[in-house]
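Note: hydrogens, waters and symmetry copies are ignored here, and every other heavy atom, side chains too, is used.
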Amino acid sequence: MASTGGLVPITRAFLATYYDKYPFDPLPDGVSRLSSQIRSFGQDLIQGFPPTQGESLLIQEADSQPPHKMDENMWKNREHIEEILFLLEIPHWPPLLLQSSTSEIAEFAIVLGKFKDKFQTTLRILESFQARNSERVFNTVMTYMPQDFRGTLIRQQKERSERNKQAEVDALINSGGSIGDRYALLWKQQMERRRQLVQLGSASGVYKTLVKYLVGVPQVLLDFIRQINDDDGPMEEQRQRYGPPLYSLTRMVLVIRLFLSLAWRRFEALKLNRLQISVLEEAVDVYTTELQRFINFISEVFANSPFFISAEDGSMLEMRKNDEYKEITVPAGKSYEISLTVESINSYIAWDFSLVQGKMNMDIGFSVEYTNNGGEKTLILPYRRCESDQGNFSTCMAGNYKLIWDNSYSTFFKKALRYKVDCIPPVLEELGEASERNELEE
């Protein structure tokens with residue numbers, strides 16, 4: 001087990017102690033009351049007007065329990081808000097609402113405009129929370145990783161994966177996919193991010209090749225990111241503490257969406273009465289206010305949570321600095337070389353070096369060259385002089401690669417070189433392994 005540098009093991013019991021400091025003020029009684037009223041209004045609308053297949057699926061969802069995963073509830077809230085905003089766009093209003101010029105209809109149109117503003121504001125807050133939270137999780141994990149080319153490779157893998165995910169979403173939109181289709185894909189992608197965290201913690205899948213090079217990563221972190229979403233893992237404590245109010249808000253926005261969907265299709269036959277509009281107006285105000293309050297609260301909890309605190313303590317930094325580095329003295333007028341034999345294309349050649357400086361700042365020449373089986377040499381990295389450098393590249397040819405530190409230009413000064421060099425085999429996404437994993441529980 002690698003040294004944890006004084007870290008406290010992150011467990012459900014440990015988080016329970018922390019969460020005791022952050023009680024969430026209960027939702028107002030209006031959430032339950034208004035949800036029930038609107039659900040009842042929706043039931044009235046289908047009397048004599050049987051629901052379509054799509055409406056039946058929405059009714060079934062409204063009468064079921066919300067998801068258990070907290071982040072799935074966040075995605076569900078976001079999806080329902082977008083569906084509501086779609087209905088609130090003027091081109092999607094019922095024809096009677098667009099054509100009528102009565103004062104009552106005009107007043108309702110003003111109310112719908114207010115609904116749209118409130119939902120748009122709430123959607124922006126929710127999107128911002130999800131983006132910040134996702135980035136914070138990854139950056140925190142990376143804080144514990146060796147701060148050299150290996151961490152860079154993991155970041156590159158994440159960036160490549162995110163670009164692929166966005167391209168997948170764009171393709172779906174361009175092909176005419178619905179809002180529901182898009183959110184089904186977004187949730188599938190979110191679960192894939194969770195799989196990759198588990199793979200990082202267990203040195204499998206896309207990270208199988210890289211993690212074996214991550215000497216110095218505290219085992220407590222690897223255990224945490226592998227077990228975080230177990231049935232009785234750390235996140236279960238979060239769900240027990242903060243899940244119920246979020247579940248109530250998920251159900252509330254769903255019944256608002258259901259009611260508007262049913263009302264729009266039946267608007268000419270069953271025009272909404274003043275009581276229904278008044279209750280709907282109150283419900284939208286309560287929902288948007290309470291979801292924003294919950295997001296602000298949970299943002300503070302996450303930001304200060306033990307598994308989001310920076311790992312920049314002295315013992316961790318010292319462990320990283322000493323991780324697998326070597327030191328060599330390059331005499332004046334001489335060079336130092338390291339040869340690496342690469343057997344597979346798309347391998348990574350990576351390095352991290354610096355000069356141990358004395359009273360005078362020194363530099364050293366550095367270059368990388370390739371030699372094929374016929375002895376022909378090609379300069380991969382042009383010669384330059386520097387005090388330190390970190391870099392990597394993916395090989396396009398098998399053969400011999402040579403890293404050269406040149407001190408031949410110096411007549412008097414030897415150079416103390418501290419370096420780390422690796423040749424890492426191709427990093428391949430093992431899709432078969434990922435697809436065979438059971439879907440993770442949050």
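Annotation: the span from S347 atom OG to F393 atom CZ amounts to 10.0 Å, rounded to 0.5 Å. Atom OG of S394 and atom CD1 of I349 lie 9.5 Å apart (nearest 0.5 Å). Atoms CG and OH, from L254 and Y287 in turn, are 10.0 Å apart once rounded to the nearest 0.5 Å. We find the CD1-CZ distance between I404 and F366 to be 9.0 Å, quoted to the nearest 0.5 Å. Between the CD atom of E282 and the CG atom of L34 there is a distance of 4.5 Å, given to the nearest 0.5 Å. Separating the CZ atom in R78 from the CG atom in N73 is a distance of 14.5 Å, to the nearest 0.5 Å.
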(message) Pair F294, Y242 - check ring pair (Phe, Tyr, Trp, His ring centres under 6.0 Å), show working.
(response) CA-CA 9 Å; F294 181 83; Y242 307 125; 7.3 Å; no

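Remark: the Q166 side chain and the E162 side chain contain no N/O donor-acceptor pair separated by less than 3.5 Å. Counted by atom type alone, Q238 and Y19 present one or more donor-acceptor pairs between their side chains at under 3.5 Å. Side-chain contact of R265 with S261: a donor-acceptor pair under 3.5 Å is absent, judged by distance alone. In this structure, a donor-acceptor pair under 3.5 Å is absent between the side chains of W351 and N392. Side chain to side chain, K118 and T122 fail the donor-acceptor criterion of an N or O pair below 3.5 Å. Between the side chains of N400 and T371, no donor-acceptor pair of N or O atoms lies under 3.5 Å.
Summarising the local packing, CG of N373 is surrounded by 12 or fewer heavy atoms from other residues, nucleotides or ligands at distances under 6.0 Å. Heavy atoms from other residues, nucleotides or ligands lying under 6.0 Å from CD of E89 number more than 12.
Checking side-chain atoms of T288 against main-chain N and O of D285 turns up a donor-acceptor pair under 3.5 Å. One N or O on the side chain of N296 and one on the backbone of Q292 form a donor-acceptor pair closer than 3.5 Å. When atom types are taken as modelled, the side chain of S175 and the backbone of L172 share a donor-acceptor pair closer than 3.5 angstrom. No donor-acceptor distance shorter than 3.5 angstrom exists from the side chain of E337 to the backbone of W405, with no hydrogens or angles considered.
Between W264 and F267, the angle of the ring planes goes over 60°, which puts this pair in the perpendicular group of the 30/60° scheme. Ring geometry for Y419 against Y336 counts as tilted: the plane angle lies between 30° and 60°, on a 0 to 90° scale. The aromatic rings of Y247 and H68 sit tilted, their planes meeting at an angle between 30° and 60°.
Checked against K116 for a side chain to side chain contact (heavy atoms under 4.5 Å, CB included), the options V111, L87, T121, L85 give a single hit: L85.
At a threshold of 4.0 Å, the pair R385-D363 counts as salt-bridged, since one of the basic side-chain nitrogens sits closer than that to a carboxylate oxygen. Using a 4.0 Å cut-off between charged nitrogen and carboxylate oxygen, R241 and E237 count as a salt-bridge pair. Using a 4.0 Å cut-off between charged side-chain N and carboxylate O, K420 and E327 make no salt bridge. The existence of a salt bridge linking R124 and E127 is excluded, since no basic side-chain nitrogen approaches an acidic carboxylate oxygen closer than 4.0 Å.
Nearest heavy atoms, I298 versus M74: CG2-CE, 4.4 Å. In terms of heavy atoms, A398 sits closest to Y370 at O-OH, 2.6 Å. Between R266 and P51, the closest heavy-atom pair is NH2-CA, 3.6 Å. Here the closest heavy-atom approach between residue I38 and residue V255 is recorded as CG2-O, 3.5 Å.
Counting only heavy atoms from C-beta outward, the side chains of S367 and D406 never approach each other to under 4.5 Å.
Residues passing the side-chain contact (heavy atoms from CB on, under 4.5 Å) test with I90, sequence neighbours excluded: W93, L98.
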